[in-house]
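Here is the structure we will look at, set down as structure tokens.
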Amino acid sequence: MREVCVIGGNRYFGKRLIARLTAAGDRVTVINRGSSPPPPGTIHLVADRNDENSLEKALGSRTFDVVVDQVCYTPRQAEIARRVFAGRTRRYVMTSTVEVYEYEDSAELVREDAVNPRTVPVDLELPWDDPEFLDTHYGEGKRQAEAVFAADPEFPYVTVRVAHVLGGDDDFTGRLDHYAERIRAGETIAVPATNHPATYIHVEEIADFLAWAAGEAFTGPVNAASHGVLTTGELCEALAEHLRGGRTAFQADFQADFRADFRADFRAVEIGEFSPFSFARSYGMDNARATRLGFAFGKAREWLPRAVAETLGKVN
């Protein structure tokens with residue numbers, strides 16, 4: 001029986017990860033602030049991960065085979081975690097994000113070495129405790145958190161750079177709903193003048209990936225994305241399968257992207273006004289490293305209809 005610690009993990013793919021770990025026979029300890037109960041069958045520790053003393057006190061003398069950190073957003077949180085868990089775990093898996101590549105613009109899918117955490121500068125004095133600052137610096141917070149773990153060559157860390165996640169009836173982000181509401185109402189969908197496709201992963205697949213990564217031996221950054229890219233048009237077309245009444249004025253140069261019975265008006269806008277899942281830069285992720293290491297990804301276009309049906313609550 002492995003001893004696994006999950007920090008956070010009470011919703012979306014975090015709870016699916018915990019379900020997989022417990023089903024595999026692992027003894028799972030969940031750390032959170034106590035605002036919601038952990039999934040059944042787990043050990044619950046209440047602590048504020050931003051408070052080093054609180055975290056140390058809650059852990060006591062516990063040690064773990066693996067720690068999966070679902071809620072590390074800043075270098076300050078990473079500094080605390082690295083100090084507290086040094087010597088307590090043989091493996092530390094941080095859930096990171098595709099947004100670490102937000103400054104890339106590559107015609108090719110981006111590999112992990114495009115952002116080397118060992119070269120990322122860390123600034124602990126930035127206002128990381130300010131929710132508004134953190135929200136607008138999400139990718140930077142994750143980059144610097146990765147850099148903190150990478151700075152200690154003795155710390156056995158992995159950072160899983162997660163593609164945009166779709167699917168599940170508990171998708172709390174509202175991003176697909178944004179498109180669904182506009183298609184229903186016949187409203188314009190705002191995209192950049194040059195709108196790039198992106199890489200995605202299904203909610204069940206990322207839970208599988210994190211459970212797999214917890215049991216492997218590799219270290220360092222790894223991209224987690226299904227095979228293939230999806231365009232805004234493809235997302236809207238999949239939504240249209242479930243929204244027969246949704247029609248808007250159609251912009252001709254998007255005609256090829258849609259079935260004959262669905263039309264959408266895409267309006268090019270300035271940066272900051274884009275709809276979700278529309279991108280002025282190209283930074284889709286290359287999943288070759290994870291594939292070489294042995295994980296078998298699905299194809300985004302194949303699971304997209306299922307993901308949309310789940311999120312809209314129309315699974316047969």
- Message: Walk me through whether N53 and D51 qualify under side-chain hydrogen bond (donor to acceptor under 3.5 Å, both in side chains).
- Response: CA-CA 6 Å; N53 290 331; D51 182 333; 4.6 Å; no
- Item | N223/Y101 under side-chain hydrogen bond (donor to acceptor under 3.5 Å, both in side chains): CA gap, chis, key distance, verdict | CA-CA 11 Å; N223 293 338; Y101 300 118; 2.8 Å; yes
- Tell me, with the steps shown, if L45 and R62 meet side chain to side chain contact (heavy atoms under 4.5 Å, CB included). CA-CA 11 Å; L45 300 180; R62 291 177 175 85; 3.7 Å; yes
- Message: Run the side chain to side chain contact (heavy atoms under 4.5 Å, CB included) test on V93 and Y157 for me, step by step, so that the C-alpha distance in whole Å, both residues' side-chain angles and the decisive distance to 0.1 Å come before the verdict.
- Response: CA-CA 6 Å; V93 180; Y157 86 100; over 6 Å; no
- Message: Set out, in order, the CA-CA distance, both residues' side-chain angles and the distance that settles salt bridge (charged side-chain N to carboxylate O under 4.0 Å, His left out) for D26 and R20, then state yes or no.
- Response: CA-CA 9 Å; D26 296 325; R20 283 158 171 75; over 6 Å; no
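Scored by the side-chain hydrogen bond (donor to acceptor under 3.5 Å, both in side chains) test, R175 finds T173 as partners (sequence neighbours excluded). Scored by the side-chain hydrogen bond (donor to acceptor under 3.5 Å, both in side chains) test, E79 finds no partners at all (sequence neighbours excluded).
At a threshold of 4.5 Å between non-hydrogen side-chain atoms, the residues F133 and E140 do not count as touching. N50 is listed as a side-chain neighbour of Q77, based on a closest heavy-atom distance under 4.5 Å.
Geometrically, R91 engages F218 in a cation-pi contact, judged by NZ or CZ lying under 6.0 Å from the ring centre and within 45° of the ring axis. Cation-pi geometry between R11 and F172 is met: the NZ or CZ atom falls under 6.0 Å from the ring centre, inside 45° of the normal.
Using modelled atom types, one finds a donor on one side chain and an acceptor on the other under 3.5 Å when comparing E310 with H202.
Closest non-hydrogen pair, K299 versus S226, comes out as C-CB, 4.5 Å. Considering all non-hydrogen atoms of both residues, A214 and V66 come closest at O-CG2, 3.3 Å. Annotation for M285 and A163: closest pair CE-N, 3.3 Å, computed over non-hydrogen atoms.
L21 and V67 sit in two unconnected hydrophobic clusters of ILVMFWY residues. Membership requires side-chain heavy atoms under 4.5 Å apart, directly or through other members.
A donor-acceptor pair under 3.5 Å is formed between the side chain of K142 and the backbone N or O of C72.
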